[in-house]
Amino acid sequence: MEATGVSLGKAALGGALGYATSKAAEEIALQLGVERDVNFIRDELQMMQSFLMTADEEQSQNKVLATWVNQIGALAYKVEDSLMDFGLHSEKKPFWGCIPRNPGDRRRIAKEVKQLRAEVEDVSNRNLRYRLIKESSASKPTVAEEQASIAGAAMFGINEARFATLEHEKSSEVDLHQLITRNDVNLRVIAMWGTSSDLGKTSAIQKVYDDPKVLKMFGFCAWIRLMHPFSPQEFLRSLVWQFYGNYHDEVGKPEQERRVGAEILANMEKMDQRDLARMCNVELCRNSYLVVINDLVTIEEWHFIKKLFPDNKKHSRIIVSTQQAEIASLCTENPYQVSELEQLSCDQTIYLFHTKLQNSKQQTSMDGVRVAMHDTNDKARLATSEEKPKAMHASCSAEPISDSNIVTTTKKNTSMSTGEIQEEDQEPNNAGAEKAHNPTVRKKVDRSRTLTLADGLLCGRETEKSFVIKLVGQPDHNQGRKVISVWGMGGLGKTTLVRSIYRNQELGGWKRAWATALRPFNPEVLLRDLAWQLQNTVQEDPARATTTGVQKKNVSGMKLQELKQELARLLTEKKCLIVLDDISSTSEWELVKQCLDNAERIIVTTREKKIAEHCSREVRNMYPLGVLKYDEALDLFIKKVFKDNIVKTDLAPAIMEQARVTLQKCGGLPLAITTIGGFLATKPKTAIEWRKMNECISSELEINPELMTIKSILMRSYDGLPYHLKYAFLYLSIFPEDHRIRWGRLMRRWIAEGYSRDMLGITAAELCRRYFDELLDRSMILPGEGIDQYKQKINSCQLHDMIREICVSKAREENLVFTLEERCCLSKTQGAIRHLVIGSNWKRDKDVLESMLDLSHVRSLTVFGEWRSFFISENMRFVRVLDLEDTLGLRDHHLDQIGQLRHLKYLSFRGCCNIFCLPNSFGNLRHLETLDVRGTRISELPTIITDLRKLQNLHADDYVDRFGVRVEDDIVDKYQGYIDRISTGKRCSVLLSSSHVFLRPQVLDAGLNRYDIFNLYRFQERNLDGIILPKGIGKLKALHALGAVDVSGRNGNATVKEFGELTQLRKLKVGGLSYRNINELWSAIADHNQLQSLSVEIGDPNEDRNELDGCFGEGLLPPSSLENLALHGKLVNVTEWIHRLQNLSKLVLKRSRLEQDDAIQAIGVLPNIAVLRLQFNSFMGAQLHFQGSSFPSLLVLWFDRLDKLRSVLFEEGTMPKLELLQIGVCTELKVISGLPALKSLKEIQLPKNGDSYFNEILEVQKDGYRYYSKIFEVQREQVERQVAEHVRVNIVD
């Protein structure tokens, strides 16, 4: 939870800093005389931001730190809110240019700045009081630091402690109490060090320090935290004070203790360092003492401290806590021992450095505790027992062994059969008996919460298994080293699949070794483990082994260079198959890959696509493991629940329906299916019982120990996200279950929220794309339907249901996202909500929204379902995103209140088909960056739109798109139906009916008022190719995307000319052009060197003078930066200019009326053209002839409605990369030849007896219908006869 809070606090600070460092804030500060205060706030926020970036990497569970992080986040939002308000103040222009509109605002704002500074200071001082940054926010080490730490671990004997622990059948946690109280009169120093941070060390020491039995043994106890820089005098002062305050003789006499303490404190103020040292020495020589020294940093500090403590032969002890292994080793006597005290997590283990026990050998048992001895002598380190390789093998080898016995899960005493699911960290009950002859039975310290499915439950993976086995091949095939990567989200069963392949007899004579990466990653331990396994599998020539002098038992004692040489020798002896399970970063692979150069086959499992690409290098050696299909998931579920005692056909329909609901929640994830199935196997097998589980599955995942494993496994993926991706991911919880999230919508929302900003060399949109792709590569989101084919980018995503449960849970914990929906729990909301979502099934209770929720910090409002006017509250002053896409019941008269959201950056009415007009109040939205009116009936924008100088994206429909799918009843259709129903057809009757509707709008719809009807009259349906823009659109200099715009009527020519002022345009869509203004358009945009996408449409394609390219010549050409070009209209000069567009990736031609294929050949020369669409008589010739070597980069070819096309010919060598061929309704097309020449072709799409439009026309002409049906059958037969087996032929509507 803390890591999430850190990420969200970082996001909030980013927004606050953005405002604090802006020129507007600087200007206001100068005007109000609070410049120093604003600068102070800015500097403090920068420090907090740096701290949060550091704290995020640590991910500790320190509750105090988590609280402070939350306070920083809340303060950041408050600062941002205030600075946003200050920005509004600067926008208010004074009367007559000199008189302030409201002098009281100046005083109020100045006062608020002072208060803000005080609050920032208070939060900063909280760190000084609790020393939060120093104590709890040590940054996670870099790769280099981590490797140095690993090397240090080996040097100081820590690995030996791990091996000693692993060799024991039971947990071997060291009892610190015994080390302190053991019968040894000499002064002993015990040093404590943790692998990751200070987490857990203080608690471990405190437990012993507070033990009454320990206190009775010592006359003097003190606990001292060192100050930095180190102050000897303060150290002595603290020691003396605690000596008198805690002196054993005074126990039981509180009044006397207070008196003695007060007297000593008064005298200590007068003492210098020499007096304090003398006084301290006297008492330390006289008494036994127990002293805890916390946060020792340098050996110089220890040299000073050590001199103060005499060895008085009174059983005295010193406990030193440090963050450096080297310091810990230097504090104890030589030879010393290193013991593992406690493993708190996969990243944090606590070790004790202490003096060697008397009469101990390499491994000594002390009251049942196993410890490892480390001597500074290398020979002692090398002289390890033969058991150590087994321990090392146990530490990182993870090739799990099925066992029919019962094992216990790590949470509670809940048992499950390993014949079904087995925890990899569990050791079989008979391990002790087997270990002597079966070295593969072992206990693991890594992936302690990862489950694997037993082989018997490897359902539905036959295809995947066969594919990977073919990739591995046989050892007698000399192919050199091949790295095969199996990747996918957690819980898919990657380890289970690879384990089944690893054991498969089809692989023949491979010599095999399996290792799982430890956390923290230790390449030396992994390599030792592989060498040990290979030594036991590779049969060596005894004589050869004698001459080399390398013995199997010495692997664990080898130095790193010797180990690498031994591993290289073993890998060359035989053809070896190596499995590296759970590689989590490219750096881990880089650390071991050179040592595996001689391995013929390596299989890597990982969660991230990027890591798979890095390891395998070739796409053909990567296998993305997906979820199970429904039938396979159902088989696995039934097998898990009923133990093969029933078949699905015997199940009642009610049971099958609940099973379907369960599997929909599981989303084909084997981990979820088996875990939930195992849980239901212990319950009554009734539909009622299963329905109860389905209705509360979210809560069950949180609280049910048997199901919590699912969340813990999937949480690993979330925990591994960098801080900037955490809040971007949690933001996705805004969208409902199974909702397809469009890339463009998400990207513009992220930018509006401040999650992405323009940086040097990269735009905010490009940075968002990186975030999106990385979430895809990490399997945190799933690709939705549809791909941007010319960019080969996924353009939508979805959340897996189980991943979404984590996303929603985390977002709710942090008050980041709150969704008002059926059965939502309002009592859990604490504090201000950042993002409010109104679900479609919520009852729309006004009292709940206004009285039970704190909406003062709401940054976004997203509505699904029906709109209500009370959704926008006066408290929502800081809303930046208002997303009303596909909202029902939104009417024109509701929009005026939106104009009061002055900080709005993103506003979408997309799909609100009953909106006709934007109100003048929208002129207040001076910060608006995105306005989306697609799917509405808005045909003209008001003049006030030209005041929105920060507008970057203005989206509207053209005529065709305006009649897409609508989510609610159309008011225009209702109105027309009503008029037709009550009028007699006469003009006066129509006027009376219209007047009746105006006076009583409720007859059409309960949500209408007269203003809505008035707009309906004003903006009757017009056949426009976009929206009409007002004069002055050239003022919107920040526009990046504009369209569709109609320039056929009023203001059209003026609008075309003003396009020349919009130099930042990346995307432009214009319709309604004619010979009167087409030249002006090309002239206006000729120098727009950032324009990437352009769509140009002629208003009347039947007018011969309307030529799109008739004016092109040497002095006038389209911008060379274009990547996407759509031309709807007559073309006469293509060969003269198309070759200039070398960056073009996508070309769409409609009604171009090209008669010769020379234009097609000219297009085919373009080096980057990936998508070509020829539609609606864009080509009027009889044959399309694609010559060899043309279209070198084409991926998609689509031709449709080419009425005169009779044949298509593909020459050998043409379109070498073509993957998709789409053939639409071409009613005269009878010959398709040369398809075998398309070497990369994967799919061909053909029409289904013509589309619905043609079917309706031809239905009344039976002969014509039969003729065209025959044409389509001929096309299909020709295609199927030519294509290879791997090419899919699909019939589409």
Side-chain angles (χ1 to χ4, degrees), residues 789-790 958-961 1025 1043-1044 1067-1074 1078 1081-1082 1091-1104 1106-1112 1117-1119 1122-1187 1190-1191 1193-1206 1208 1214-1215 1218 1220-1226 1228-1229 1245:
Q789 292 167 324
Y790 89 95
D958 59 19
Y959 180 75
V960 175
D961 294 334
D1025 290 324
K1067 185 176 182 179
L1068 176 63
K1069 188 173 185 179
V1070 187
L1073 289 156
S1074 70
I1078 187 64
L1081 174 68
W1082 295 119
L1091 192 62
Q1092 298 173 356
S1093 178
L1094 175 65
S1095 176
V1096 178
E1097 183 169 359
I1098 289 293
D1100 182 6
N1102 297 319
E1103 169 62 57
D1104 289 338
N1106 288 340
E1107 298 174 353
L1108 283 176
D1109 62 345
C1111 61
F1112 284 166
L1117 293 169
L1122 285 175
E1123 297 177 5
N1124 186 347
L1125 178 61
L1127 299 174
H1128 302 189
K1130 185 179 179 181
L1131 295 173
V1132 297
N1133 208 16
V1134 173
T1135 57
E1136 300 298 324
W1137 56 268
I1138 194 68
H1139 62 281
R1140 302 293 185 95
L1141 304 182
Q1142 294 293 299
N1143 296 317
L1144 199 63
S1145 298
K1146 179 179 180 180
L1147 178 62
V1148 178
L1149 301 180
K1150 292 182 181 181
R1151 299 186 176 91
S1152 304
R1153 295 155 64 178
L1154 300 172
E1155 296 183 356
Q1156 302 296 327
D1157 66 353
D1158 57 345
I1160 303 299
Q1161 306 310 326
I1163 295 170
V1165 177
L1166 296 176
N1168 296 308
I1169 194 79
V1171 177
L1172 176 62
R1173 294 182 178 178
L1174 305 175
Q1175 299 172 274
F1176 296 101
N1177 292 325
S1178 56
F1179 181 73
M1180 301 294 287
Q1183 183 186 59
L1184 272 175
H1185 182 191
F1186 297 104
Q1187 299 177 355
S1190 63
F1191 296 97
S1193 301
L1194 197 68
L1195 298 171
V1196 179
L1197 174 62
W1198 182 15
F1199 44 90
D1200 182 27
R1201 311 288 172 85
L1202 306 182
D1203 295 340
K1204 295 186 178 182
L1205 183 64
R1206 294 178 178 273
V1208 178
T1214 189
M1215 304 179 188
L1218 188 72
L1220 174 61
L1221 174 60
Q1222 296 173 293
I1223 302 175
V1225 178
C1226 299
E1228 299 297 325
L1229 179 59
Q1245 295 180 359

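With sequence neighbours left out, the side-chain hydrogen bond (donor to acceptor under 3.5 Å, both in side chains) criterion links Gln1245 to Gln1222, Glu1243. By the side-chain hydrogen bond (donor to acceptor under 3.5 Å, both in side chains) test, Ser1190 is found to be paired with Thr1214, residues two or more places apart in sequence or in another chain being considered.
With a 4.5 Å cut-off on side-chain heavy atoms, Leu1184 and Leu1202 count as touching. When side chains are defined from C-beta on, Arg1173 counts as touching Lys1146, because their heavy atoms get closer than 4.5 Å. Within the 4.5 Å cutoff, side-chain heavy atoms of Phe1186 are placed close to those of Leu1197. Residues Phe1179 and Leu1149 fail the side-chain proximity criterion, which asks for heavy atoms closer than 4.5 Å. With contacts defined as side-chain heavy-atom distances shorter than 4.5 Å, the pair Val1148/Gln1175 qualifies. No side-chain heavy atom of Ser1145 sits less than 4.5 Å from a side-chain heavy atom of Val1171. Looking only at side-chain heavy atoms (C-beta outward), Val1132 and Asp1109 come within less than 4.5 Å of each other.
Here the shortest heavy-atom pairing between Pro1119 and Leu1141 reads O-CD2, 3.5 Å. In this structure, Asn1133 and Trp1137 approach most closely via the heavy-atom pair O-CD1, 2.9 Å. The minimum heavy-atom distance between Ser1193 and Pro1167, with the atom names listed, is OG-O, 2.5 Å. When all heavy atoms of Leu1117 and Arg1140 are compared, the pair lying nearest together is CD1-NH1, 2.9 Å. Residues Gly1224 and Trp1198 come closest through the heavy atom pair N-NE1, 4.3 Å. When all heavy atoms of Pro1118 and Leu1122 are compared, the closest pair comes out as CB-CD1, 4.1 Å.
By the 6.0 Å contact criterion, CD on Gln1183 is enclosed, its count of non-hydrogen atoms from other residues, nucleotides or ligands being greater than 12. Annotation: Gln1142, atom CD; neighbour count of heavy atoms from other residues, nucleotides and ligands within 6.0 Å is above 12.
Rounding to the nearest 0.5 angstrom, the gap separating the CZ atom in Arg1151 from the CG atom in Asn1177 is 8.5 Å. Note: Asn1124 CG to Lys1067 NZ = 7.5 Å, rounded to the nearest 0.5 Å. Taking NZ from Lys1150 and CZ from Arg1201, the interatomic distance works out to 10.0 Å, rounded to the nearest 0.5 Å. Rounded to the nearest 0.5 Å, atoms CG (Leu1127) and OG (Ser1095) are 8.0 Å apart. In this structure, Ser1152 OG and Lys1130 NZ are separated by 11.5 Å, a value rounded to the nearest 0.5 Å. Considering SG of Cys1226 and CG of Asp1200, their distance stands at 6.0 Å, rounded to 0.5 Å.
A donor-acceptor contact shorter than 3.5 Å is absent between the side chain of Asp958 and the backbone of Ala1044. Side chain of Asp1025 to backbone of Val1070: no donor-acceptor contact under 3.5 angstrom is found.
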Do any side-chain atoms of residues 1157-1166 form donor-acceptor pairs under 3.5 angstrom with protein atoms, and if so which ones, sequence neighbours left out?
from    : atom 1 : to      : atom 2 : distance (Å)
Gln1161 : NE2    : His1185 : O      : 2.5

May I have the step-by-step check of side-chain contact (heavy atoms from CB on, under 4.5 Å) for Asn1106 and Ile1078, ending in yes or no? CA-CA 8 Å; Asn1106 288 340; Ile1078 187 64; over 6 Å; no
